[in-house]
Amino acid sequence: MSGMNTSGWKAFEFKVLVEPRDIEKTTKGGLILADETIEKDQFKRQEGILVDVGPMAFSWAEWPEGVEKPKPGARVMFSKFTADALTGKDGKTYWIMNDKSIMAIEDTDE
């Protein structure tokens with residue numbers, strides 16, 4: 001994923017828009033997972049690509065000094081319990097959430 005916003009949605013205020021990683025429908029061994037298992041996995045912590053960032057996102061007073069703020073294209077970890085699903089004009093599912101719902105960002109300094 002390139003991080004380009006093809007969803008047709010823009011995040012406002014402190015919101016961010018994330019394209020979640022696809023849920024695996026088979027195990028590494030090739031077993032097909034039951035729909036109930038897949039549905040349960042969709043409500044766990046997730047990772048995805050940050051697609052859009054609202055103009056006020058990550059601008060809190062307590063933001064750690066020297067830590068770069070996440071930008072579109074970054075791979076992030078988030079909790080879906082604090083997000084709302086929406087469908088983009090491209091047919092993909094996206095999650096809109098508060099910036100503080102982002103729990104981690106992939107370290108690219110390695």
Side-chain angles (χ1 to χ4, degrees):
M1 289 179 235
S2 66
M4 287 186 48
N5 187 355
T6 59
S7 71
W9 295 96
K10 293 282 297 166
F12 290 142
E13 293 185 331
F14 296 97
K15 302 290 185 190
V16 295
L17 186 67
V18 175
E19 181 180 350
R21 177 183 55 86
D22 289 333
I23 300 296
E24 299 297 325
K25 295 186 169 98
T26 59
T27 65
K28 290 181 182 180
L31 296 174
I32 298 172
L33 296 171
D35 288 341
E36 183 179 292
T37 302
I38 293 169
E39 187 175 323
K40 198 185 289 185
D41 284 350
Q42 290 175 340
F43 290 99
K44 292 181 181 177
R45 292 182 185 169
Q46 286 289 333
E47 63 181 71
I49 301 297
L50 194 59
V51 174
D52 194 52
V53 177
M56 296 164 51
F58 307 111
S59 62
W60 348 302
E62 65 274 3
W63 186 262
E65 189 175 323
V67 176
E68 189 173 330
K69 296 178 182 182
K71 296 179 182 143
R75 190 167 150 220
V76 296
M77 179 72 119
F78 61 94
S79 176
K80 287 177 68 171
F81 291 118
T82 59
D84 292 302
L86 54 92
T87 301
K89 69 178 184 181
D90 55 8
K92 295 178 182 177
T93 298
Y94 294 88
W95 290 87
I96 187 93
M97 63 194 78
N98 290 324
D99 56 355
K100 289 190 176 186
S101 294
I102 302 294
M103 300 183 295
I105 183 168
E106 182 177 41
D107 186 4
T108 57
D109 290 339
E110 294 177 1

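Computed over heavy atoms, backbone and side chain alike; hydrogens, waters and symmetry mates excluded.
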Can a donor-acceptor pair be found, under 3.5 Å and without considering hydrogens, that links the side chain of Asp52 to the backbone of Ala11?
yes
Could you check if a side-chain atom of Val16 sits within less than 4.5 angstrom of a side-chain atom of Met97, using non-hydrogen atoms only?
yes
Report yes if the side chains of Phe81 and Ser101 come closer than 4.5 Å at any heavy-atom pair, otherwise no.
no
Greater than 12 external heavy atoms within 6.0 Å of Lys69's NZ:
yes
Starting from Val51, can I reach Leu86 by hopping between I/L/V/M/F/W/Y residues whose side chains sit under 4.5 Å apart?
yes
Spatial distance of atom NZ (Lys10) from atom CG (Asn5) [nearest 0.5 Å]:
6.5 Å
CD1 on Ile49 to CE on Met4, rounded to 0.5 Å
14.0 Å
Could you work out, with side-chain contact (heavy atoms from CB on, under 4.5 Å) as the rule, every residue matching Ala85, not counting sequence neighbours?
Thr93, Trp95
When you look at CD of Glu65, are more than 12 heavy atoms from neighbouring residues, nucleotides or ligands closer to it than 6.0 Å?
no
Determine, using the 4.5 Å side-chain heavy-atom cutoff (strictly less than), whether Val53 and Val67 are members of one ILVMFWY cluster.
yes
Taking the side chain as everything from C-beta on, heavy atoms only, tell me whether Lys15 gets closer than 4.5 Å to Asn98.
yes
From CD (Gln46) to CD (Glu19), nearest 0.5 Å:
12.0 Å
Is there a path of hydrophobic side-chain contacts, each under 4.5 Å between heavy atoms of I, L, V, M, F, W or Y residues, that connects Ile105 with Trp63?
yes
Taking C-beta and beyond as the side chain, do Phe58 and Ile102 meet within less than 4.5 Å on heavy atoms?
yes
Please check: side-chain N/O of Trp9 versus main-chain N/O of Thr87, any donor-acceptor pairing under 3.5 Å?
yes
Given the rule that I, L, V, M, F, W and Y join up when any side-chain heavy atoms are under 4.5 Å apart, are Phe78 and Trp60 in one cluster?
yes
Taking all non-hydrogen atoms of both residues, which atom of Ser59 and which atom of Asp99 are closest, and how far apart?
N-OD2, 4.4 Å
